[in-house]
Protein chains: 2
Amino acid sequence: MTGSHTPTETESQVASRLAGQPIDFNSMAVVSNLFRAANAVRNHLERTVLAQHNLSWTAFVVLWVAWVWQESETRCVAEESGISKATLTGVLKTLEKLGFTTRRRSEKDGRLVIVGLTAEGNALMQRLIPEFNKHESELAAVIPTGQRDEMADHLRAVTTYALASDQ
Amino acid sequence: MTGSHTPTETESQVASRLAGQPIDFNSMAVVSNLFRAANAVRNHLERTVLAQHNLSWTAFVVLWVAWVWQESETRCVAEESGISKATLTGVLKTLEKLGFTTRRRSEKDGRLVIVGLTAEGNALMQRLIPEFNKHESELAAVIPTGQRDEMADHLRAVTTYALASDQ
DNA sequence: GAGAGATTGTTTGGATACGAACAAAAAGTA
DNA sequence: TACTTTTTGTTCGTATCCAAACAATCTCTC
C-alpha cells in the first residue's frame, strides 16, 4: 500500500485489479515495457552523455538528423525527429543560441527554411556519436546477440503500424 | 537532400556518413528504433484515445498508477510513472482540477502526501482501460504471437540495466 | 530532548511539447 | 491575369518536464 513497489509486484497487482475482465495481458506487457525501457534509457543517456554538453534529448535528436543530412528542410527535420513543427522552432532557437545550427531561407521556395550545422555542431557530433554508440552497445548487450536484429525489426513494425494508423 | 526521407534512405545515409568508424550498428538500430516506436505509439494513443478525455500521456500514466494502487504515496507514484517529483506536482494539479484525483496529508508522516482516485477517476479508468487495451492488442499484433513475451522480457532487461546504471 | 542529518513535496526557472491560429508564399484553377 | 486552395514556418496559449533550491517533517545520535 505504501512505499515503492517492484515491477513484479506491480504486474501482479494489475492482474488482480483486472481479474475477470477480457484483457490482453501479453500485449499490455509489450506496450508498457516499451515505454518503461524508452523512458529509462532516455533518462540514463541524458544524464551520462548529454547533460555535460547542455543538450536535451530532443536537441540531440535534432542535431543528429541535421548531422546526417547536413542540409535539410525544417518540415523534414521535424518529421524525422518525431516532433511537431512548433516544437522544432523552439529547439532550433536553443541550438542556434548554442552555436550548433544555422537557419536560412530557401531561394527556390520562399516558404522553406533550410537547417544546417555549424563547424562547432559538426565537431560536437564527431565526439558525441562514438560516445553515444558505446552506451548503445552496453544497453543492447543485455539482449542475446542473435535476437537484436529481430528486436529492431519488431520495433520498426510497431512504428510503421502506429504511424499508418494516423494516416 | 530536400524533401522527406524513408527510414531505409535514412539508415543507408547514416551508414555512409559513418563509414570507416568503429560503430556498433546493430545496437544503434535497437536503441533508435526503441525511441521511434515509443514516440509513434505514444502520439498515436494520445490522439486516438486520450485527446477526447483531455488527458495527456503522462496524466494517463499517473492515473493508471493511482488506479492500480488506489492509495499511494507521491514519491511512489512518481517513481512508477517514470517522472520526477516536480513533474508529478504539476500533473496532479491538472488531474485534481479535472476532478479525477485527490491529495491528502498522511497522518503517520507529515511529510508524505497520499494520492487517491475520485469516483469520477475510477469511472473514467473503468471505460478507458479496455479501450486502451484494444489498441495495445492491435499494436502488438504486428509481432509474431510466440515472440511477444520474449520482446517484453528483453525490454524489461534493458530497463533494468538503464536504471541500475543510474545507481 | 536538543541539534545534526536525511527525507519529502513544492516552488522556481528554463526548456520542451502540442494544437490552433496566423502570415507568407507557392500551386492550382478559371 | 485574378481568385482560391494548399503548403510552410512561426507565434500564441497551455501543459508538461527536469534540476536545483527550499521549507517542513522525521530520524538519528548524543
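Numbered from 1 within each chain, the chains take letters A, B, ... in sequence-line order. Side-chain atoms are counted along with the backbone in the values below, which use heavy atoms only and exclude waters and symmetry mates.
Between A:S137 and the options B:N26, B:D24, B:V30, B:I23, a side-chain contact (heavy atoms from CB on, under 4.5 Å) holds for only B:D24.
When the side-chain contact (heavy atoms from CB on, under 4.5 Å) test is applied to A:N33, the partners found at least two apart in sequence or on another chain are A:E11, A:A29, A:R36, B:A152, B:L155, B:R156. Looking at residues two or more places apart in sequence or on another chain, you find a salt bridge (Lys or Arg N to Asp or Glu O under 4.0 Å) between B:R42 and B:E46. Not a single salt bridge (Lys or Arg N to Asp or Glu O under 4.0 Å) links B:E138 to another residue, sequence neighbours left out. Partners of A:D109 according to the salt bridge (Lys or Arg N to Asp or Glu O under 4.0 Å) rule, which considers only residues two or more places apart in sequence or in another chain, are A:R111.
Rounded to whole Å, the distance from CG on B:N39 to C1' on C:dT16 is 13 Å. Rounded to whole Å, atom P of C:dA15 lies 13 Å from atom CG of A:L55. Spacing between atom CG of A:N54 and atom C1' of D:dC18 amounts to 14 Å, rounded to whole angstrom units. Atom-to-atom, CG of B:L98 to C1' of D:dT16 comes out at 14 Å; the value is rounded to the nearest Å. B:Q52 places its CD atom 15 Å from the P atom of C:dG19, with the value rounded to the nearest Å. Between B:E46 atom CD and D:dA15 atom P the separation is 14 Å, expressed in whole Å. Distance CZ (B:R104) to C1' (C:dT8): 16 Å, rounded to an integer number of Å. Rounded to an integer number of Å, the gap from B:L50 CG to C:dC18 P is 14 Å.
At the heavy-atom level, B:G90 lies nowhere under 4.0 Å from the strands shown. As judged by a 4.0 angstrom heavy-atom cut-off over every strand, B:S56 is placed among residues touching the sugar-phosphate backbone only. Contact annotation for A:T94: backbone-only contact, meaning every heavy-atom pair under 4.0 Å involves sugar-phosphate atoms and none involves a base.
Using cut-offs of 30° and 60° on the angle between ring planes, the pair A:W57 and B:F35 is tilted.
Annotation: of the two residues near DNA chain C, A:K97 and A:G110, the 5′-most nearest-nucleotide partner is A:K97. If you find the closest nucleotide of DNA chain D to B:S106 and to B:I83, the one lying nearer the 5' end belongs to B:I83.
The phosphate of C:dC18 (OP1 or OP2) has a side-chain N or O of A:T87 nearer than 4.0 angstrom. Residue B:K93 has a polar side-chain atom (N or O) positioned under 4.0 Å from OP1 or OP2 of C:dT11. Between D:dC26 and B:K108, no contact under 4.0 Å exists linking OP1 or OP2 to a side-chain N or O. Within the structure, every side-chain polar atom (N or O) of A:R47 is placed at least 4.0 Å from both OP1 and OP2 of D:dC18.
Applying the side chain to side chain donor-acceptor pair (under 3.5 Å) test to residues at least two apart or on different chains, none of the pairs has a partner in residues 12-22 of chain B.
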Please tabulate, one pair per line, each protein N/O and nucleotide N/O from nucleotides 8-10 of chain D that are separated by under 3.5 Å, including the distance.
{"unit_1": "D:dT8", "atom_1": "OP1", "unit_2": "A:R75", "atom_2": "NE", "d": "3.1"}
{"unit_1": "D:dT8", "atom_1": "OP1", "unit_2": "A:R75", "atom_2": "NH1", "d": "3.4"}
{"unit_1": "D:dG9", "atom_1": "OP1", "unit_2": "A:T74", "atom_2": "N", "d": "3.4"}
{"unit_1": "D:dG9", "atom_1": "OP1", "unit_2": "A:R75", "atom_2": "N", "d": "3.4"}
{"unit_1": "D:dG9", "atom_1": "OP2", "unit_2": "A:R75", "atom_2": "N", "d": "3.1"}
{"unit_1": "D:dG9", "atom_1": "N7", "unit_2": "A:K85", "atom_2": "NZ", "d": "2.8"}
{"unit_1": "D:dT10", "atom_1": "OP1", "unit_2": "A:R103", "atom_2": "NH1", "d": "2.9"}
{"unit_1": "D:dT10", "atom_1": "OP2", "unit_2": "A:T89", "atom_2": "OG1", "d": "3.1"}

